Enquirer: 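Sharing a structure here in C-alpha cells format.
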Protein chains: 2
Amino acid sequence: METRELRYFVAVAEEQHVGRAADRLGMAQPPLSRAIAQLERRLGAELFVRTPRGMALTTAGETLLREGRVALAAVEAAERRTRRTVESADRPSIVLTAKAGASSELMAKLLDAYAAEPDAVAVDVLLSAPGHQAPMLRDGRADVAILHQPFDDLSGFDTEALSVEDQVLILPAGHPATARHSMSVAEARSIPDLPLPRWPHLDGSYPDGPGPELRDLTQVLQLVRLGRTALVLPESAQANLRDGLAVVHLTDAPPVTTVIAWPPHSTSTGVAGLVRTAGRL
Amino acid sequence: METRELRYFVAVAEEQHVGRAADRLGMAQPPLSRAIAQLERRLGAELFVRTPRGMALTTAGETLLREGRVALAAVEAAERRTRRTVESADRPSIVLTAKAGASSELMAKLLDAYAAEPDAVAVDVLLSAPGHQAPMLRDGRADVAILHQPFDDLSGFDTEALSVEDQVLILPAGHPATARHSMSVAEARSIPDLPLPRWPHLDGSYPDGPGPELRDLTQVLQLVRLGRTALVLPESAQANLRDGLAVVHLTDAPPVTTVIAWPPHSTSTGVAGLVRTAGRL
DNA sequence: CTGCCGCCATACCTGTCCGGTATCGGCCTC
DNA sequence: GAGGCCGATACCGGACAGGTATGGCGGCAG
C-alpha cells in the first residue's frame, strides 16, 4: 500500500464524499473513485458502502482509517525529522509544543532551568490549540510536548509526569452557586443560567450545545464575569484570574496530570536534557 | 514520501550496497540508484556517503532508517489489520505471539482461563524466535504478545505486567562453580571453560565470540550437560530442567518482567478479554 | 604504472499507470 | 416524471518507474 493511496482513502473517509475529497486533494473525482476501488480490490476488503448520499465506512474501513492515520503520521514524522536533521546540523535545536495560554508558569520555570544547563540547545516553543500537541509529536512537527492526562492521547510516547492537580469551577462573582464550597461536575453542568462553553474538535468544528464557543481563554473569562457562562479549569489557572470571578471546588472532576512526552527512540541530546531538567523541577 | 521509496531506502541502508539491495528488491540496480538520488533531492538531505565499497549512512540517513522502519511497520499493520477485519468477520479470532519454548506454563494457564470466558474468541498462537514478538505486534502480524522486560522494546504498546522473576545461571552438574550459591553476571561470564552462548540478532546473524550459537534451547541444554557452555535463564525455566544440570543464583542480573502487550486503540473485544483474563491470573 | 575489477551514476527506451475530460446509471426529491 | 446529486465507467495523454547499455572513478594487483 502506498502513502498516496492511504491519503486518498483518509480524505474520502473523512469527507464521506468522493467529490469533496477530490476537491480537497486538488484532483478530479473519477481518478479518486478509481483509486479507492483499486485499493479495495487489492486489500480484498469493502472499505465503504455506497449510499445515495455519499460513502459510509464499513468495519474494515474504520480499521483502515484508525490504523492508516497513525501510519501516515509516522511517515510524515520520518520525513520531517530527516529534514530537520540536516537543517539543524550546525545549530542544534529542538521544538517544544504546549497548549497556548495554560501552564505558562511551569513552562517558564522549565525553559529557564534548561537554558542554564551546560549542554542546552535552542528550544523553539510551538504554542497551539488544546489537543494539537500530541498529533504534532506524532507527525514530527515537534520533538517534545507538554501534555495533559486524561485529555491527550499519550499512547506511543515515552512520558514523565510533572504535576497532578484538581480541577475547579470558575463562576461569576456573586452568582448564587458561589455559596457552595464544592459541587459535582454534574451539578456544575446543570446550573440553569450558566451553560459550560464548548471546546473545539481537532478539525476546528464545535459540538452542538447551548454554551458559547470557546476560542480564546481570556475572552471566555470575560464572558464568565458577565454572568454568561462558567468554566472548568485546573487549579493552577487560578493564579492568572482577575477580579469578578469566584472559584468552587469540584468533588468528582478527574485530576489533571501534566506530563512531558517525547517519541521513543529519540536520539536527540537536547530532548534528553530537557526531560532530565523537567524531572528535577 | 511514498512507501515504495521508503522500502528502497531501507533496503539500501541495510545492505549498504545498491547492487545487493536491488537484488533483494527484485529489480535492476540503475532505477534503484536513481530512486535513492531522487529521494535525497526531494528531502534535501544527503542520506548516504558514496564510498568505493558501497553506501554508508549519514546522520540524516540514520534518522530516516530509524523512523522509516517504524513508519513502514505502521503501514503494514494498517494493511494487515484491515485484511484481517474482513477475514475474521464471521469467525472472530485473535493472534497471540510468544517466545517459543519459554513461559509455556503461563501460556497454558492463560489460554485455559481465557477459553473458559463466556465471550472468548479463537486464539491463534504464533510461536517464534526470541525478540520477534514486538515487531510482529508492530506490523500487524499479531494482535497481542507476551513480551519480556528488559529484552523487548515495549515502546508504542499498551502493557500490563504479569510476573517478575530473577534470572539464574544453569551449569553442568558437578562443575566446580556449582559450589557457589550465588555469583555476579560478570563472574558467570568469566568462567574460563564455559563461554556463554550467543543469541541471534533479529536478522538471524550472530555476534562474534567464543560461545556456541544458540538456536534451540533443548540442544543448548544438552551442551550444558556436556560441560561445553552455561546459560542464563529466568527462574521459571528451572521447572523444565532435567538431570545433569545445576543452578546458581545470580546477584546482579536484572529481573525479567513478563508482560502482555497490545497495540493502543485496539478495538478488538477478543484482545480486551484476553488482557482482562491475564490480569486476573 | 597500468589494466582490471567493483560500484555507482548516466543515458536512453518502453510500458504502465496516474490523472484529466466526457459521459453514463442509479437514487432521491420536488 | 424531470432534474439534480453522486459515484462509476470509458477513453486519452503524459509522467514516471523500471529495464538495458554504458560511462566514470577509485582501489588493487601484477
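Letters A, B, ... are given to chains in the order of the sequence lines, protein chains preceding strands, and every chain is numbered from 1. Note that the structure is a prediction, hence the values are computed from the model and not measured.
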Enquirer: Near DNA chain D, under 4.0 Å by heavy atom, which residues of residues 4-16 of chain B?
Expert: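 DNA chain D contact set from residues 4-16 of chain B: B:R4, B:Y8.
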Enquirer: Without decimals, in angstroms, what is the distance between A:D23 CG and C:dG20 C1'?
Expert: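 Taking atom C1' of C:dG20 as the reference, CG of A:D23 is at 15 Å.
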Enquirer: Assess, by modelled atom type and distance only, whether the side chains of B:R66 and A:T267 contain a donor and an acceptor separated by less than 3.5 Å.
Expert: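 A:T267 and B:R66 do have a side-chain donor-acceptor pair below 3.5 Å.
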Enquirer: With nearest nucleotides of DNA chain C determined for A:P52 and B:R34 from heavy-atom distances, which residue corresponds to the more 5′ nucleotide?
Expert: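 Per heavy-atom nearest nucleotide, the more 5' residue is B:R34.
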Enquirer: Scan side-chain atoms only and decide if B:R84 and B:S93 contain a donor-acceptor pair under the 3.5 Å cut-off.
Expert: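 Side chains of B:R84 and B:S93: pair found under 3.5 Å.
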Enquirer: Atom CD1 of A:I36 and atom C1' of D:dA8: how far apart are they, to the nearest Å?
Expert: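 Result: 13 Å.
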Enquirer: Out of C:dC8, C:dT21, C:dA11, which has the shortest distance to the side chain of B:P30?
Expert: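 Selected nucleotide: C:dA11.
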Enquirer: Phosphate oxygens OP1/OP2 of D:dC5: is one of them under 4.0 Å from a side-chain N or O of A:H17?
Expert: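 For A:H17, the contact criterion (side-chain N or O under 4.0 Å from OP1 or OP2 of D:dC5) is not met.
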Enquirer: Within less than 4.0 Å of OP1 or OP2 of D:dG19, is there a side-chain N or O belonging to B:Q29?
Expert: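 So the side chain of B:Q29 is outside the cut-off, no N or O lying under 4.0 Å from OP1 or OP2 of D:dG19.
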Enquirer: Tell me which nucleotide among C:dG20, D:dT9, C:dA9 gets nearest to the side chain of B:R50.
Expert: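 Comparing C:dG20, D:dT9, C:dA9 against the side chain of B:R50, the answer is C:dA9.
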Enquirer: Can you measure B:R41 atom CZ to C:dA9 atom C1' for me and round it to whole angstrom units?
Expert: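 Going from CZ in B:R41 over to C1' in C:dA9 covers 12 Å.
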Enquirer: Could you tell me how far apart A:L39 (CG) and D:dG7 (P) are, to the nearest whole angstrom?
Expert: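 Those two atoms, CG and P, are 16 Å apart.
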Enquirer: From CG of A:L32 over to P of D:dT9, roughly how many Å is that when rounded to an integer?
Expert: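 About 14 Å, once rounded to whole Å.
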Enquirer: Does a side chain donor of either A:T58 or A:E46 reach within less than 3.5 Å of an acceptor in the other side chain?
Expert: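 Looking only at side-chain atoms, A:E46 and A:T58 do not form any donor-acceptor pair under 3.5 Å.
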Enquirer: Would you find more than 12 non-hydrogen atoms of other residues, nucleotides or ligands less than 6.0 Å from A:R7 atom CZ?
Expert: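 Count over threshold, so yes.
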Enquirer: Would you say CZ of B:R228 has more than 12 non-hydrogen atoms from neighbouring residues, nucleotides or ligands within 6.0 angstrom?
Expert: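 No.
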Enquirer: In whole Å, what is the span from the CE atom of A:M27 to the P atom of C:dG20?
Expert: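 Taking atom P of C:dG20 as the reference, CE of A:M27 is at 6 Å.
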Enquirer: If you compare every side-chain N and O of A:Q38 against the phosphate oxygens of C:dC17 (OP1, OP2), does one of them come in below 4.0 Å?
Expert: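 No, outside the criterion.
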Enquirer: Hey, is the side chain of B:R53 pairing donor to acceptor with the base of D:dG27 inside 3.5 Å?
Expert: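 Result: no qualifying N/O pair found.
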Enquirer: Please confirm whether the shortest side-chain N or O distance from B:S33 to OP1 or OP2 of C:dA9 is below 4.0 Å.
Expert: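 So the side chain of B:S33 is within the cut-off, an N or O lying under 4.0 Å from OP1 or OP2 of C:dA9.
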Enquirer: With no hydrogens and no angle check, just 3.5 Å: does a side-chain donor-acceptor pair link B:S128 and B:Q133?
Expert: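 Yes, a side-chain donor-acceptor pair sits under 3.5 Å.
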Enquirer: What is the distance from CD of A:E2 to P of C:dC18, rounded to the nearest Å?
Expert: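 After rounding, the gap between these two atoms is 10 Å.
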Enquirer: Between atom CG in A:L25 and atom P in C:dG19, what is the gap in whole Å?
Expert: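 Value for this atom pair: 10 Å.
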Enquirer: What pair of heavy atoms forms the shortest contact from B:V144 to B:L137, and how long is it?
Expert: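 Heavy atoms only, the tightest pair is N-CD1, 3.6 Å.
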